[in-house]
Amino acid sequence: MSGARAGAPVTEQAGGWSVRVSGGDVQAEERKRRILARARTNGRVDVMDMAAEFAVAPETVRRDLRLLHEHGLVRRTHGGALPVESAGFETGLASRAVSKVAEKRRIAQVAAERADDAETIFVDEGFTPQLVAEALPTDRPLTVITASLPTAASLSTSPLTTVLMLGGRVRGRTLATVEHWAVAMLGEMVIDLAYIGANGISREHGLTTPDPVVGAVKAQAVKVARRRVFVGVHTKFGVASFSRFAAVPDFETIVTDSALPAAEAHRYAALGPKVLRT
């Protein structure tokens with residue numbers, strides 16, 4: 001940012017496109033850039049920690065976060081903020097596997113109990129769906145279809161579980177297959193139940209994900225499944241990413257954690273799904 005005049009608008013580069021984060025002095029813009037980078041690296045930022053690091057008042061950091069929130073780059077939380085996944089930024093599987101693990105395990109257990117008498121089950125990519133797969137019953141025959149390499153590997157030793165791995169290009173960030181091979185395979189199936197994750201879910205925009213090729217696989221799974229269950233922690237709610245692949249009423253059940261306010265859960269339930277807060 002050297003050479004930029006104080007008060008000039010500056011941009012934050014993300015995945016080949018630019019987002020104007022505000023007009024202001026160079027020092028303020030550099031602080032917002034570093035706050036955003038920290039959120040994306042650590043999965044969240046804390047107001048007091050950032051205030052101490054930059055030797056500024058907490059209200060200054062809150063103002064920075066408010067501007068980043070207004071431009072869709074972070075989502076504010078009590079005491080800090082979380083990064084919003086977009087076409088230019090997406091968390092990897094490694095970071096998902098260490099974030100809110102207790103909540104995700106509770107969600108997975110409740111979701112797995114919704115399997116009922118399903119014989120063919122699609123399990124989406126992602127850490128929470130992987131936990132659902134690991135919680136599925138092992139005392140009866142099941143056929144599990146997945147694009148996720150970790151999920152396929154974790155279920156492969158179960159003697160009563162048949163695992164069908166979708167073909168396609170493997171995305172290194174999520175270790176899952178995508179593109180037309182995976183979509184075509186799903187198109188030949190009729191699946192009893194699909195467990196679906198998303199990078200964001202909102203009443204206005206439905207379920208979204210940053211990458212359209214991932215969205216295409218998810219959309220096909222939603223299309224061929226008789227029943228659909230969404231699994232995701234409360235921080236997914238009210239967030240819209242780049243590629244929309246389903247609507248909230250497409251799902252019979254939404255399973256999340258108890259940090260989603262009851263009033264907000266009721267608003268989602270009014271659209272059709274049963275909302276379970278664990």
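Model, not experiment: these values are computed from the prediction.
- Side-chain atoms of Asp124 and Phe122, non-hydrogen and from C-beta on, do get closer than 4.5 Å to each other.
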Check: Stepwise, does the salt bridge (charged side-chain N to carboxylate O under 4.0 Å, His left out) test hold for Arg227 with Asp116?
Finding: CA-CA 11 Å; Arg227 299 169 52 214; Asp116 298 329; 3.5 Å; yes
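- For residues 267-278, every residue pair satisfying the salt bridge (Lys or Arg N to Asp or Glu O under 4.0 Å) rule, not counting sequence neighbours, is listed here: Glu264-Arg267.
- Under the 4.5 Å side-chain heavy-atom criterion for ILVMFWY residues, a single connected hydrophobic cluster contains both Met50 and Met48.
- Transitive grouping of hydrophobic side chains (ILVMFWY, heavy atoms separated by less than 4.5 Å) brings Val170 and Met165 into a common cluster.
- Between Tyr268 and Ile201, some side-chain heavy-atom pair lies under the 4.5 Å cut-off.
- Put simply, CG on Leu36 and NE2 on His71 are 12.0 Å apart, with the number rounded to the nearest 0.5 Å.
- To the nearest 0.5 angstrom, Ile35 atom CD1 is 8.5 Å from Glu53 atom CD.
- Atom NZ of Lys218 is separated from atom OG1 of Thr208 by 10.0 Å, given to the nearest 0.5 angstrom.
- Side chain of Asp250 to main chain of Ala247: a donor-acceptor pair is present (N/O by atom type, distance under 3.5 Å, no hydrogens or angles).
- Val229 belongs to a hydrophobic cluster whose remaining members, ordered by chain and number, are Ile107, Val110, Ile121, Val123, Val132, Leu136, Leu142, Val144, Leu155, Val163, Leu193, Tyr195, Val231, Val233, Val255, Leu276; membership requires side-chain heavy atoms of ILVMFWY residues under 4.5 Å apart, directly or through intermediates.
- Asp192 is linked by a side-chain hydrogen bond (donor to acceptor under 3.5 Å, both in side chains) to Thr120, Arg226, counting only residues two or more places apart in sequence or in another chain.
- Using a 4.5 Å heavy-atom cutoff, the side chains of Leu207 and Phe251 are in contact.
- Leu73 and Leu82 fall into different hydrophobic clusters, where Ile, Leu, Val, Met, Phe, Trp and Tyr residues are linked whenever their side-chain heavy atoms come under 4.5 Å apart, directly or through other members.
- With contacts defined as side-chain heavy-atom distances shorter than 4.5 Å, the pair Lys100/Asp257 does not qualify.
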So Arg31 and Glu29, side-chain contact (heavy atoms from CB on, under 4.5 Å) or not? Walk me through it.
CA-CA 5 Å; Arg31 187 177 60 246; Glu29 295 305 329; over 6 Å; no
Practice prompt. Assess whether side-chain hydrogen bond (donor to acceptor under 3.5 Å, both in side chains) is satisfied between Thr209 and Asn199, documenting all intermediate values.
Written response: CA-CA 5 Å; Thr209 190; Asn199 300 78; 2.6 Å; yes
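- One hydrophobic cluster holds both Met185 and Leu164 under the rule that ILVMFWY side chains link at heavy-atom gaps under 4.5 Å.
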- Stepwise, does the side-chain contact (heavy atoms from CB on, under 4.5 Å) test hold for Met189 with Leu166? CA-CA 11 Å; Met189 300 176 185; Leu166 299 178; 4.2 Å; yes
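- Counting heavy atoms from C-beta on, the side chains of Val213 and His180 never come closer than 4.5 Å.
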Can Glu119 and Arg140 be said to form a salt bridge (charged side-chain N to carboxylate O under 4.0 Å, His left out), step by step? CA-CA 9 Å; Glu119 297 178 353; Arg140 61 183 179 89; over 6 Å; no
